[in-house]
Amino acid sequence: MVDAISMTLIKVNESGELPINRIPSPTVEPPKRPEWGDFSCNVAMTLASTVKQSPLKVAQILATNLLKQFPELFKQVDVAPPGFLNFTLHPMCWIDVLRAIESHDSSYGTSQIGKGTSIILEFVSANPTGPLHVGHGRGAALGQAMASLLTASGYAVSREFYINDAGRQLQLLGRSVYARYREILGKDSNFPEDGYYGDYIKELAESFVHSHGETLLEQPPDEAVAVAAHAASQILLDRIKEDLSLFGVNFETWFSETTLHSKGLVQQTLDELRVRDLVKEEDGALWFRSSEFGDDKDRVVKKQDGSYTYLAADMAYHRDKLDRGFDTLVNIWGADHHGYIPRMTATVQAFGHEKESLRVVLVQMVSLSRGTQKIEMSKRAGEFVTLREVIEEVGSDAAKFFFLMRRADTHLDFDLELAKQQSSDNPVYYVQYAHARLASVFRMAQERHVTLPTMEDVDVSLLLGADELGLIKTLAQYPFILEGSALALEPHRITFYLQDLAAQLHAYYNKHRVLPAAENSVKSEDRPHEDGVPTNGKASNVGHESTKTQLTPDVTAARLALLRQVQTVLRNGLTLLGISSPEKM
RNA sequence: GCGCCUGUAGCUCAGUGGAUAGAGCACUUGCCUCCGGAGCAAGGGGCCACAGGUUCAAAUCCUGUCAGGCGCACCA
């Protein structure tokens, strides 16, 4: 297609019809309206000024040449103002799409645009100081979908969870649990002002009473806090792992911040920066010269008291990821961390990598509601809805779909009522229903002793109607949707596509019969089954082809073959998002 | 004060240089003797926040203004 245009451009240049100094690489895309054709191209408009002719004229010259040169490909090449070239392919060309889906099956849509580039995808990375909440769920669903998407597009993806198991938050966890522990044992607690208030802290404290009795009271408070912190974070991390696995989200590696310190990697990182002359001493602290790479100001990495900042550890972590040989680091972060991006970008550059080797996807807040009722959340008071609660209420499939329905960087309103509803109002059910409905048709076909045909068995000329071709063209888009969303790191495009495809399928199915009626229900019938309900007078389509087709066994077979490919694409898309494709609902 | 994100139908949002700006919900009206009605069809509804600029072409890119959200630690 693109080649055909390029070749034609070269030809008209050589023949002198259009003197083009530089041959542009044309872009081709599906036009906004189907009646304009199958593809459109804007190259004539971009050329108009260089060849000093009107875009319409340029388009006209190209159109006649293209049609002359590639009669087997193009049925029609039109010119539309202000200078679009609109191509209509021979309908038979589209049948190949169905054959491709059938032969590639579950791998239809995959590509090699990633060329094996290795990516480490870090996401969730919640502190092991409490249960995962809905916000983490969004990050988890997004990360998992992105990993599948990138893998399907030819990247080598590794998923990693960074465990913040060193530092102040963990200490605070220990102090909170220890305070509750003392409370249970009737001692004065002095619960930390900014501590964790959730009920789970009390449960953890109770379990310590069971396991340790009063022994922690005998230890110096600092030690007791450390013991509590360590044990509590282990338990909480295990719960995080359980929740994620319940949600169908997995990681290749769980990277512990503590190991950075114990292996001395933080100091090594600072030493290397010193060699590169990218740190400075000032006011008794050590600063990273991040402003040399576009950050607003330099950042402290080692405090006056000699301890490292969180940034220092994070720099060591990112250096480690680069040292492990990954080409690209992708981080999924909560949007409240956006101020951190320049620092991390500077870090990557400080170690000699392109700034593009770090890509950060920001995820905005999720606000929950039931119908019009907003659910208030306050993390500080320990009042928040956990991921587990959401999964238990609406199910993993619905939760994932809702998390993936919006662009990551916009706020998400998650209506629990809607997610539970089993109706077309609920987009998850709508898409899954399309899959289940097809499964049911195939079951019914077999009950009626109609064997499921493959493309080879079928008279493909019966699939050239406008509705069939429309469906096929949507199926043909799928690989491009995957490619686009992989490059942009935007899985939400797939949820939109699936809703489109499902809608088109439902419409088709409603309008066209596939299976003949069951034998016992035809008894008094002598009129043949007709297809295409002439809904009202307006359905008078543009003429030529009749809306009514006799439902012969051949037609049934052809339509079944088409629907099987639709089902495959629905399933592939859902699978990619980590959502199940039910046979029955 | 500085920075980042967002501003599109009544609501929730797609659409990042192309032609007449789309979908779902809500609202109105129709469609099952029949393969899953958990569905379909039709209708109304828009100064794409505002103002300039770049371009053959702007919701989309640039500048400014306004509004909302979030950041701006020798916290993590």
Side-chain angles (χ1 to χ4, degrees), chain A residues 29 31-33 36 40 42 45-46 48-49 54-55 80-84 86 127 129 164 166-172 194 257 282-287 296-297 299-305 307-311 313-314 334-342 362 364-365 372 405-407 409-413 415 418 421-427 429-430 432-434 436-445 447-448 450 488 492-493 495-496 499-500 502-503 505-518 521-522 524-525 529 533 535-536 538-539 556 559-560 563 584-585:
Chain A
E29 54 186 14
K32 202 153 49 176
R33 311 181 85 82
W36 291 337
S40 66
N42 62 1
M45 287 180 285
T46 59
S49 56
S54 84
F84 286 102
N86 287 333
N127 293 349
T129 54
N164 280 285
R168 212 182 81 91
Q169 295 305 317
L170 202 79
Q171 232 245 328
L172 203 53
D194 46 356
E257 181 187 352
E282 211 172 284
D283 304 331
L286 192 67
W287 300 69
D296 299 340
K297 55 176 189 179
R299 308 286 172 177
V300 172
V301 284
K302 196 169 186 177
K303 301 182 231 173
Q304 277 181 343
D305 67 7
S307 61
Y308 301 113
T309 60
Y310 177 80
L311 176 64
D314 224 15
D336 51 345
H337 288 73
H338 65 76
Y340 217 71
I341 296 176
L362 294 176
Q364 280 288 357
M365 298 272 157
T372 51
M405 238 174 9
R406 302 275 175 260
R407 250 182 31 226
D409 60 0
T410 60
H411 279 88
L412 173 65
D413 283 327
D415 184 345
L418 179 60
Q421 245 173 62
Q422 313 212 342
S423 75
S424 62
D425 297 358
N426 182 347
Y429 279 84
Y430 186 76
Q432 287 186 319
Y433 173 56
R437 198 178 200 186
L438 291 175
S440 166
V441 175
F442 302 149
R443 273 196 303 274
M444 186 67 72
E447 271 172 38
R448 295 185 190 170
V450 177
H492 77 274
R493 299 187 189 188
T495 59
F496 278 89
Q499 291 179 82
D500 268 1
L505 180 270
H506 287 308
Y508 180 82
Y509 186 77
N510 214 260
K511 187 169 168 190
H512 301 283
R513 255 203 102 73
V514 177
L515 298 178
S521 70
V522 253
S524 66
E525 285 298 321
H529 293 286
V533 200
T535 41
N536 50 33
K538 282 193 190 160
T556 291
R559 288 180 181 171
L560 282 172
L563 294 185
K584 271 184 196 171
M585 293 173 73

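Throughout, a chain's letter reflects where its sequence line sits, starting with A, and its residues are numbered from 1. Keep in mind that the numbers below use all heavy atoms, side chains included, and drop hydrogens, waters and symmetry copies.
Between A/T129 atom OG1 and A/R168 atom CZ the span is 11.5 Å, to the nearest 0.5 Å.
Residues A/H338 and A/L362 come closest through the heavy atom pair CB-CD1, 3.5 Å.
Distances from the side chain of A/A80 to the nucleotides B/G18, B/A19, B/C75 place B/A19 closest. Comparing B/C34, B/C56, B/C40 by their closest approach to the side chain of A/Y430 singles out B/C40. The side chain of A/Y433 approaches B/G37 more closely than any other nucleotide in the set B/C35, B/C56, B/G37. Comparing atom distances between the A/M45 side chain and each of B/G18, B/A76, B/U12 picks out B/G18 as nearest. Out of B/G69, B/G22, B/C40, the shortest distance to the side chain of A/R33 is found at B/G22. Nearest nucleotide to the A/Q304 side chain, out of B/A76, B/C74, B/G69: B/C74.
Residue A/H337 places no side-chain atom within donor-acceptor reach of the base of B/G71, judged by atom type and a 3.5 Å distance cut-off alone.
Remark: ring of A/W36 stacked against base of B/A19; centroid gap under 5.5 Å, plane tilt under 30°. The aromatic ring of A/F496 does not sit over the base of B/A23, since the test of centres under 5.5 Å and planes under 30° is not met.
Between A/K303 and the phosphate of B/A76, there is a side-chain N or O to OP1/OP2 separation shorter than 4.0 Å. Regarding contacts with the backbone of B/U12, every side-chain N or O of A/H492 stays at 4.0 angstrom or more from both OP1 and OP2. Contact annotation: A/Y508 does not reach the phosphate of B/A41 (side-chain N/O to OP1 or OP2, under 4.0 Å).
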side-chain contact (heavy atoms from CB on, under 4.5 Å) evaluation trace for A/K303 with A/T309: CA-CA 7 Å; A/K303 301 182 231 173; A/T309 60; 3.8 Å; yes
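In this structure, A/Y340 and A/Y310 have tilted ring planes: the angle between them lies in the 30° to 60° band. Aromatic ring pairs are classed by plane angle as parallel below 30°, tilted from 30° to 60° and perpendicular above 60°; the pair A/H512 and A/Y508 is tilted.
Each of A/A445 and A/Y340 was matched to the nucleotide of RNA chain B holding its nearest heavy atom; the match closer to the 5' end belongs to A/A445.
Residue contacts shown for A/A507 are limited to sugar-phosphate atoms, with no base heavy atom under 4.0 Å away. Contacts of A/D283 with the nucleic acid, taken as non-hydrogen atoms under 4.0 Å apart, include base atoms. Within 4.0 Å of A/P342, counting heavy atoms only, lies no atom of the nucleic acid at all.
Nucleotide B/C47 is shown with an anti base, its glycosidic torsion being more than 90° from 0.
Contact of the A/L560 side chain with the A/L515 side chain is registered, since non-hydrogen atoms from C-beta on lie closer than 4.5 Å.
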B/S/- contact track for nucleotides 5-10 of chain B, protein heavy atom under 4.0 Å: SS----
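With a cut-off of 3.5 Å on both pairing distances, the Watson-Crick or G-U wobble partner of B/U28 is B/A42.
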